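Down below is the structure, laid out as structure tokens.
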There are 2 protein chains.
Amino acid sequence: MTVSELTASAQDYLKMIWSSTEWAEAPITVGAMAERMAVKPSTVSDGIRRLAKQGLVTHAPYGSIELTPAGRAHAVEMVRRHRLLETFLVQILGYGWDEVHDEAEILEHAVSDTMIQRIDEKLGHPTRDPHGDPIPSGNGLPHPPQGDPLTSVEPERTVTITRISDADPDMLRYFTQLGLGPDTRLQVLAHRPYADVTTIRVGDRDVDLGPSAAEAIWVVAN
Amino acid sequence: MTVSELTASAQDYLKMIWSSTEWAEAPITVGAMAERMAVKPSTVSDGIRRLAKQGLVTHAPYGSIELTPAGRAHAVEMVRRHRLLETFLVQILGYGWDEVHDEAEILEHAVSDTMIQRIDEKLGHPTRDPHGDPIPSGNGLPHPPQGDPLTSVEPERTVTITRISDADPDMLRYFTQLGLGPDTRLQVLAHRPYADVTTIRVGDRDVDLGPSAAEAIWVVAN
DNA sequence: CATGAATGTTAGACTGGCCTAACATAAGTG
DNA sequence: CACTTATGTTAGGCCAGTCTAACATTCATG
Ligand SMILES: [Mn+2]
Ligand SMILES: [Mn+2]
Ligand SMILES: [Mn+2]
Ligand SMILES: [Mn+2]
């Protein structure tokens, strides 16, 4: 069975389950899935049951949701599709990095394996998407991600952005204004704990970031 | 209501109804639609009923199927999407003209209005798809098609191909071998009526075409 | 550790899209 | 023009995916 034979909704479930452990260890909950897919928890419960029946996830009632090897393979393929499409939209069609997520979220279910392959070739086998996220290779091996949230960096350190969560387009536009993107270097000036503010220096400008912004940015020391 | 709010199947029905009168006058029948969409007639009957309920077609039981103005607008938009996507796949992703129809048949339901617009700009507002078919403009005006089937041309005339039906990929590959495509010039040597064979000269080669091939090719005198 | 709040599941209903089988109508032919 | 055949419609069933409402389980906190 190839990933194209699954329904769009099954593809999204698998991708989301896989993604939930890419940058954090927390396994995903039914409620979180429902919220992210903008459906009711009962709908997700039902969907998970169908996936379990197909052998793509394991799930005991009220228990945790785990991908089977088959489910994981499909999930990784969907992540590959999503990120290649985002890259394609930016590189070839001139989209902004804040515009591509929603478009890719639909297209990922519609493109053929052939089209993904041609896009991959046209782009020269890219390894990171416009948000810095690793693009799993065609043989199903995800590039291991690296980095830590900006919030966990000690003050005074200079770091480089590895990825920025693409969940919020408005936030991405704000980051664009600030000159923040993958591979941007910045210095962490201070965390102000009770204000939940992280101050950074990027270029010659000092910027205060609230927790949602600071948690969307992942960095490596350098 | 924009065309994106319709289901994929409704979009395909409308497109097919419209297309049936683009090159021939015959209004489409339930049976023909069922065959082309590879579903049973009862399924089409049902689908037409839903479209009528939405005010997109008019249909009396056992009567003819007609698009309403709203239905026609959606249909033309879908034809535009389909043909722009075919052109895009050939021009940008290096597809062959025999490969694009099936891919576009799916993608047309998934791309956003924005993406169609960017593709149109990237391609420089093309007016014909890889098979020579006219691409309706963004304001909903279809370019009027022109030409007559090759079978209707008098012998000895020299003509130019305006379009070739994209229904059969194998046939398109055969035409590629023969050097036949949109804008190819050829001379009609003879129609042999009971053999149902049309002989043409293309370049320095004489070729016999059977009826299905000859009917797929539309030409203008020149 | 008991209990109320949060979370998750099940039951039942609805829609679109498909099917088969039975039925209705239209078209063609002797 | 009657009757057969081709074509189209309806009835009833199934599945995926969604919802609301009712119910079940788990978790956290007093
Ligand atoms: Mn998606
Ligand atoms: Mn991304
Ligand atoms: Mn289609
Ligand atoms: Mn075409």
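The structure presented is a predicted model; accordingly, all values stated were derived computationally and were not measured.
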Original post:
Does any residue of residues 5-17 of chain A have a heavy atom under 4.0 Å from DNA chain D, and if so, which ones, in number order?
Top reply: T7(A), S9(A)
Original post:
By a strict heavy-atom criterion of less than 4.0 Å, which residues belonging to residues 102-111 of chain A are in contact with DNA chain D?
Top reply: none
Using atom types as modelled, flag every donor-acceptor pair under 3.5 Å from a side chain in residues 23-38 of chain A to any protein atom, sequence neighbours excluded.
unit_1	atom_1	unit_2	atom_2	d
W23(A)	NE1	D133(A)	OD1	3.4
T29(A)	OG1	A32(A)	N	3.0

Subject >> Member of E77(A), E105(A), E22(A) meeting the salt bridge (Lys or Arg N to Asp or Glu O under 4.0 Å) criterion with R83(A) >> reply: E22(A)
Mind checking what makes side chain to side chain donor-acceptor pair (under 3.5 Å) contact with [X], not counting sequence neighbours?
X       : result
E215(B) : none
T68(B)  : none
W218(A) : none

Subject >> Axis-to-axis angle between the two ends of the helix from dC1(C)-dG30(D) to dG30(C)-dC1(D) (five base pairs per end, rounded to 10 degrees) >> reply: 0°
Original post:
What parts of residues 30-40 of chain B reach DNA chain C, counting only heavy atoms under 4.0 Å away?
Top reply: V39(B), K40(B)
**OP:** Within residues 51-71 of chain A, find the residues that approach DNA chain C with a heavy atom at under 4.0 Å, and present them sorted by residue number.
**Re:** H59(A), P61(A), Y62(A)
Non-hydrogen atoms of [X] and [Y] that approach each other most closely:
X       : Y       : value
V44(A)  : Y13(A)  : CA-OH, 3.7 Å
G147(B) : T162(B) : CA-OG1, 4.2 Å
I116(B) : L84(B)  : CG2-CD1, 3.8 Å

Nearest 0.5 Å, please: how far is [atom2] in [Y] from [atom1] in [X]?
X       : Y       : atom1 : atom2 : value
L51(B)  : Q11(B)  : CG    : CD    : 11.0 Å
I135(A) : T127(A) : CD1   : OG1   : 6.5 Å
D102(A) : S112(B) : CG    : OG    : 9.5 Å

Between [Y] and [X], is there a side-chain heavy-atom distance shorter than 4.5 Å?
X       : Y       : value
W97(A)  : T176(A) : yes
D46(B)  : R50(B)  : yes
I161(A) : L150(A) : no

Original post:
Under the salt bridge (Lys or Arg N to Asp or Glu O under 4.0 Å) rule, what pairs show up with a residue in residues 110-119 of chain B, not counting sequence neighbours?
Top reply: E99(A)-R118(B), R81(B)-D113(B)
Original post:
Do H109(B) and D12(B) meet the criterion of a side-chain donor-acceptor pair at a distance under 3.5 Å?
Top reply: yes
**OP:** On DNA chain C, reading 5' to 3', which nucleotide is the first and which the last to sit with an atom under 4.0 Å from a heavy atom of chain B, could you check?
**Re:** dG16(C) to dA26(C)
Subject >> For H191(B), all residues meeting ring pair (Phe, Tyr, Trp, His ring centres under 6.0 Å), sequence neighbours excluded >> reply: none
Subject >> Euclidean distance, atom CG of residue D46(A) to atom P of dA16(D) [Å, nearest integer] >> reply: 10 Å
